[in-house]
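Read the structure below first, then the notes.
In this chain, numbering begins with 1 at the start of the sequence shown. No hydrogens, no waters, no symmetry mates; every other heavy atom, side chains included, goes into these values. Note that ligands are numbered from 1 as they come in the structure, with each ligand's atoms numbered from 1 the same way.
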Amino acid sequence: MKSFTLIIGAVAASIWTVSSTTIAEINGNRFISPLNGQNVTNVTGLVTAKGPAGIFLRSTKPDKDSTTSESIYVFNGTNRVSPTITVGDIVMVDGTVSEFRSQSTYVFSTEIDKSHNIRVVSSGNKVKPLVIGQDTTKPPTKQFSFYDDGDVFGLPNDVANLSAANPKLQPTKFGMDFWESLTGELVTVKSPAAITKPNSFGDTWVTGTWPVTGRNARGGLTMTDGDANPEAIIIGTPLDGTDNPDSTVVGDKLEDITGVVQAVFGYYYILPLTALKVSKHKNPAEPDPASFKAGKTCSGLTFGQYNVENLTPTVAHLNPVASHIVNFLNSPTLMFLQEIQDDNGATDNGVVDANTTLATLVNAIKAAGGPAYSFVDIDPINDQDGGQPGGNIRIAYLYQSNVIQLHNLNPGNATQANEVLPGPELKYNPGLIDPLNTAAWQSSRKPLAAAWETVDGKNVFFTIDVHLTSKDGSSSIEGDPRPPINQGVQQRQNQAEVTAAFVADILTEDSKASVITAGDFNEFAFVQPLETFVSKSGLFDLDEVVGRDPKERYTYIFDMNCQQLDHMFVSKSLRSGSKYEHIHVNTWTTAAGQASDHDPSVAKLNVCKK
Ligand SMILES: *[C@@H]1O[C@H](CO)[C@@H](O)[C@H](O)[C@H]1NC(C)=O
Ligand SMILES: *[C@@H]1O[C@H](CO)[C@@H](O)[C@H](O)[C@H]1NC(C)=O
Ligand SMILES: *[C@@H]1O[C@H](CO)[C@@H](O)[C@H](O)[C@H]1NC(C)=O
Ligand SMILES: *[C@@H]1O[C@H](CO)[C@@H](O)[C@H](O)[C@H]1NC(C)=O
Ligand SMILES: *[C@@H]1O[C@H](CO)[C@@H](O)[C@H](O)[C@H]1NC(C)=O
Ligand SMILES: *[C@@H]1O[C@H](CO)[C@@H](O)[C@H](O)[C@H]1NC(C)=O
């Protein structure tokens, strides 16, 4: 039976190639068209949508193969689309099959280019979009591509390009294959929900009525180990030239979306016919504050973590950050901060001191009703630690000096390497970890290790504030290289190993030592650098310790995913009775409403001597 169908299919195909080429034949059942670069004539299709630079055609001679898209984009150039062609026309067109992408790490879009000799065969035909998940199969929920080998963050990455490997599409298994098999198609997303805020172009990720994994309590999708949510789709600029709203937030309900699927800007998009409309905003707008407050004794100190995004004395988000620390983190005993810029921010004039930045934040906290914090940091060497050019971002601590103080204060400088001495004691307090190790710290922030004691001098604990190198320059999660290029992963691996070794030295001196490592690790807990960090440091992931549902572990939104870049790891002796919360003040709000791109977190820990 199977071979019979194949023979019929082959005969049918050969008939059509004699007189004309079908859209399914142009798309083929792989990522790259088998007819790429060839001229095609009499390609016949129903005009389902018109964009500013081309039209979308749906085949009038569909095949029965769900891996070959029945629709295609006919590109003609901005403002060169024939005004007489309208949606509902059946047309025949001649042109050249081409594979287009605007950057080398994007997937290609199969198009008919240099279109000419377009003939209207009939008009006024009915145009009915395919409802995703109903008229199509359901989008796969876990894997993006065969070449990810089951883990989109697996290493090594960048082992194959989809365009070169050009596998047969498996739309029921792999998300990219699913969306590729629908490219050019007019589709409807029923009852969509926004799972991100829009980017600066108004592009917003959504899910529809099809099954999803990773749904968190707010309505976003959280990335978990082995599941980075290819079932989500990004909605781009409307074809009618209007703009999507910028006030959409995670969890908003939207009106049904109809548009065309297209691989552009490194992702599979739906370009909607008209702008997104929010039907119901998510409430409440703000999260609850932390459920606990700082105690004054060793058994109940609290520890906040916040990447404050290029903080300078004059940035508009300084007061909102201060308010978050007071009103949502309940003024932690000690704050781990990242991205404190020098006193004149991005002005690149040799200034590295950040006392004005930190003092301005401390004053704003006080003005917001918080306590009088002290601060400590180590100035980096000018322009050596990456981040915004000239900004000299660094790590810093704020602390309540009526509760805790630095233990045997002995600050190091930008080039002095901290060491763990018998006791354990720190050679420099505070001091940077191995700052001259270029394999680990070139153009990156060196972790700041400190030893603290309660003001009675009785309870000593150690903190390491980290900001590992960023993922900037990674390729798209739906891009051509597979698994996607995880930029900086080798350096983060080196950084994790150096930091873990330092922690292990403390715990070798005293296995009951209280050690807290917190910061922006720029990596997920289930990716190699952090797996290494946990195994080599001997610390425990505090999210694991408190048993938080993996779907509620997020401090950041990127692509379609709520995800966790900020973490706290604690030593064995700190696990008992610990509390830990991520406070979603920034991920839940609009881009304009956020004080930072990261959410803060706060923990309550018992650092009494054990
Ligand atoms: C295209 O269609 C026209 C009729 O509309 C026909 O004359 C011509 O032979 C066709 N071309 C090819 C290459 O099949
Ligand atoms: C396609 O057609 C164009 C214009 O008619 C011609 O210049 C070109 O050589 C053709 N390409 C192929 C691959 O036949
Ligand atoms: C593309 O532009 C050419 C030249 O202006 C025109 O003849 C043709 O009809 C256009 N094609 C489409 C699909 O609009
Ligand atoms: C993937 O393609 C890019 C751009 O063409 C190329 O630089 C890279 O080496 C390719 N990667 C692999 C694994 O072949
Ligand atoms: C910065 O502030 C710290 C802590 O208050 C202080 O020890 C240091 O002297 C100050 N540095 C400068 C350059 O004022
Ligand atoms: C750090 O201090 C040492 C010892 O005083 C000195 O030799 C070194 O130049 C200092 N480094 C910086 C960056 O200030």
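A donor-acceptor contact closer than 3.5 angstrom is absent between the side chains of T347 and N349. Side-chain contact annotation: T312 with N344, donor-acceptor N/O pair under 3.5 Å absent. A donor and an acceptor atom, one from each side chain of S601 and D599, are nowhere located under 3.5 Å apart.
Partner of Y399 under the ring-ring contact (aromatic ring centres under 6.0 Å, His included) criterion, out of F461, Y373, W452, F375: W452 alone.
Distances between N or O atoms of T96 and those of ligand 2 include no value under 3.5 Å.
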Which pairs of N or O atoms, one from ligand 5 and one from the protein, are separated by less than 3.5 Å, and what is the distance for each pair?
residue, atom, partner, partner atom, Å
ligand 5, 2 (O), N355, OD1, 3.2
ligand 5, 2 (O), N355, ND2, 2.3
ligand 5, 11 (N), N355, ND2, 2.7
ligand 5, 14 (O), N355, ND2, 3.2

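Atom numbering of ligand 2 starts at 1 in the shown order; those under 4.0 Å from a heavy atom of G37 are 13 (C).
To the nearest 0.5 Å, atoms CG (L169) and OG1 (T67) are separated by 6.0 Å. Separation of atoms SG (C298) and CG (L605) is listed at 12.0 Å; rounding is to 0.5 Å.
We find that D434 and K446 are not joined by a salt bridge, their nearest charged nitrogen and carboxylate oxygen being 4.0 Å or further apart.
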